[in-house]
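First up is the structure itself, then whatever we jot down about it.
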Protein chains: 2
Amino acid sequence: MATRTRRPERREEPLSREGIVEVAIELLDATGEGGLTFRALGERLATGPGAIYWHVANKGELLGAATDAVVAAALAVEPAGSPTSPQDEIRAVALGLFHAIDAHPWLAAQLSTQLSRSPWGSVAPRIFESIGRRVRSLGVPEDSWFTATSVLVHYILGAAGQNAANTAHARTLGPGANRAEFLDAVSSAWEELDPDDYPFTRAVASRLREHDDREQFLAGIDLALTGITAPHPPGEQAPTPPTT
Amino acid sequence: MATRTRRPERREEPLSREGIVEVAIELLDATGEGGLTFRALGERLATGPGAIYWHVANKGELLGAATDAVVAAALAVEPAGSPTSPQDEIRAVALGLFHAIDAHPWLAAQLSTQLSRSPWGSVAPRIFESIGRRVRSLGVPEDSWFTATSVLVHYILGAAGQNAANTAHARTLGPGANRAEFLDAVSSAWEELDPDDYPFTRAVASRLREHDDREQFLAGIDLALTGITAPHPPGEQAPTPPTT
DNA sequence: ACCTGAACACCGTTCAAGT
DNA sequence: ACCTGAACACCGTTCAAGT
């Protein structure tokens with residue numbers, strides 16, 4: 001859906017909103033959030049900055065459309081053949097978003113913007129629905145649907161954003177530098193914190209060094225799932241049977 | 001700590017980094033992220049844009065310093081007199097951040113930037129330490145310290161950001177409009193989604209209308225705490241006794 | 001209907017010149 | 001040491017003019 005045709009170097013076809021969004025994503029991937037410019041975009045599309053405004057209202061809308069396209073693609077790859085548990089499906093959806101954010105680091109900031117700035121847009125319901133549907137299948141009481149889905153979604157986006165930043169930073173450390181070297185640097189910085197003020201952070205610093213981001217991410221998902229499916233959350237009633 | 005002296009209209013004292021950061025926070029609160037400008041800041045400080053660069057390297061550093069100051073203040077208010085449980089302390093710290101983000105809506109985006117873009121800075125360790133220390137007191141196995149703290153921190157920042165956006169949006173809806181009216185609008189938008197594609201989102205839409213943000217936020221914290229303190233997370237060993 | 005590109009009103013940042 | 005303010009190299013956005 002995102003990889004239809006190579007961008008037209010000389011442009012035989014007229015501009016289209018779809019094509020503009022596609023090139024915008026390429027530009028964002030290649031140059032980061034600051035690299036998306038109406039002038040740079042115009043250059044890649046062999047036109048001026050003004051032409052784009054015929055198809056897109058402003059930069060915010062363009063970023064929103066790019067975000068929606070990437071998220072829709074990431075959430076579309078779920079049809080696993082064999083029947084799976086809701087837990088496994090939630091892990092799969094979470095990993096889909098994890099990889100999308102890793103492949104498009106600009107997505108992390110964009111997603112928080114979309115979720116908070118325009119919850120009525122298409123991005124928020126898409127993610128919410130994808131996770132929430134499985135939460136419902138988990139058999140948690142209806143009272144907890146919203147809370148449980150919120151915890152999962154916020155964790156997924158936050159942790160995936162963290163991971164993507166690690167990947168991105170590792171790249172800037174040098175050509176041969178990898179993620180392990182970057183985590184090593186952060187770990188060292190944390191180990192040099194004041195022992196009186198930061199005992200905990202110092203204690204987990206070493207763990208940062210050896211941790212597998214994907215593994216770590218899934219551990220967080222499982223921890224949230226444990227809370228969601230626990231007999232009854234503190235101060236709440238016992239769960240009702242599944243409603244599927 | 002943030003409200004020392006009113007800004008010097010004619011400036012008797014020389015510029016100071018501390019004073020600049022203080023006025024930057026005022027400007028951010030009053031005009032939002034887009035309103036913080038070296039020119040606007042210079043005007044409030046009765047100077048030109050160039051003068052600020054003597055005390056602050058660039059805009060990023062200024063935003064980082066503003067974020068750190070607000071977060072430090074929010075986390076400093078924890079000395080509850082009576083002895084409390086780690087759970088209560090985590091709730092208190094979470095609420096402190098919740099209110100700080102509500103009072104300074106620009107903080108939400110800034111915090112994700114700080115956490116992912118500069119984990120070696122002061123903001124990330126501050127938050128991590130404040131939550132992590134209590135997680136440790138909960139008696140969870142050391143293996144889970146990092147995961148548990150991550151889940152809590154990501155949820156807190158994500159959900160608090162969401163809440164702050166609701167507050168901010170409600171304000172723009174009109175002078176008399178309140179948060180309930182805004183949530184009502186989002187709720188209505190969700191109820192008009194396609195029933196085949198968005199059954200879950202439609203189902204929880206009504207719940208959005210009646211929900212108390214603070215209550216909702218704390219319910220998420222409790223859900224995470226349930227997962228963290230559950231007998232043993234799936235695929236992990238049994239917890240070890242507390243290490244405090 | 002769609003595109004062009006100059007022009008406008010901004011930015012962050014630099015830097016010679018001042019005190 | 002610290003400040004001033006003009007200047008530079010950008011932005012997003014608009015809009016008369018073209019096809």
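In this text, all values refer to a predicted model and were calculated from it rather than measured experimentally.
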Parallel, tilted or perpendicular: which one describes the rings of F146(B) and F128(B), with boundaries at 30° and 60°?
tilted
Roughly, in whole Å, what's the span from CG in L15(A) to C1' in dA1(C)?
13 Å
Provide, to the nearest angstrom, the distance between the CG atom belonging to L45(A) and the P atom belonging to dC2(C).
16 Å
Whom does dC15(C) pair with, Watson-Crick or G-U wobble, provided both distances fall under 3.5 Å?
dG5(D)
Quick one: look up who dC10(C) pairs with, Watson-Crick or G-U, both distances under 3.5 Å, and put none if it's unpaired.
none
Generate the contact string for nucleotides 7-14 of chain C. Rules: B means base contact, S means sugar-phosphate contact only, - means no protein heavy atom under 4.0 Å.
B---BBBB
List the steps and the verdict of side-chain contact (heavy atoms from CB on, under 4.5 Å) for D213(B) and T167(B).
CA-CA 10 Å; D213(B) 295 81; T167(B) 305; over 6 Å; no
Is the shortest side-chain N/O distance from W54(B) to OP1 or OP2 of dC2(D) below 4.0 Å?
yes
Does a side-chain N or O of H55(B) approach OP1 or OP2 of dC3(D) to a distance below 4.0 Å, or not?
yes
Evaluate the criterion side-chain contact (heavy atoms from CB on, under 4.5 Å) for residue pair F217(A) and H211(A); output intermediate values, then yes/no.
CA-CA 10 Å; F217(A) 176 73; H211(A) 96 174; over 6 Å; no
Are Y155(A) and Y155(B) close enough that their ring centres sit under 6.0 Å apart?
no
From the options V186(B), L183(B), D184(B), select the one residue that forms a side chain to side chain contact (heavy atoms under 4.5 Å, CB included) with R209(B).
D184(B)
So does R44(B) pair up with E26(B), basic N to acidic O under 4.0 Å?
yes
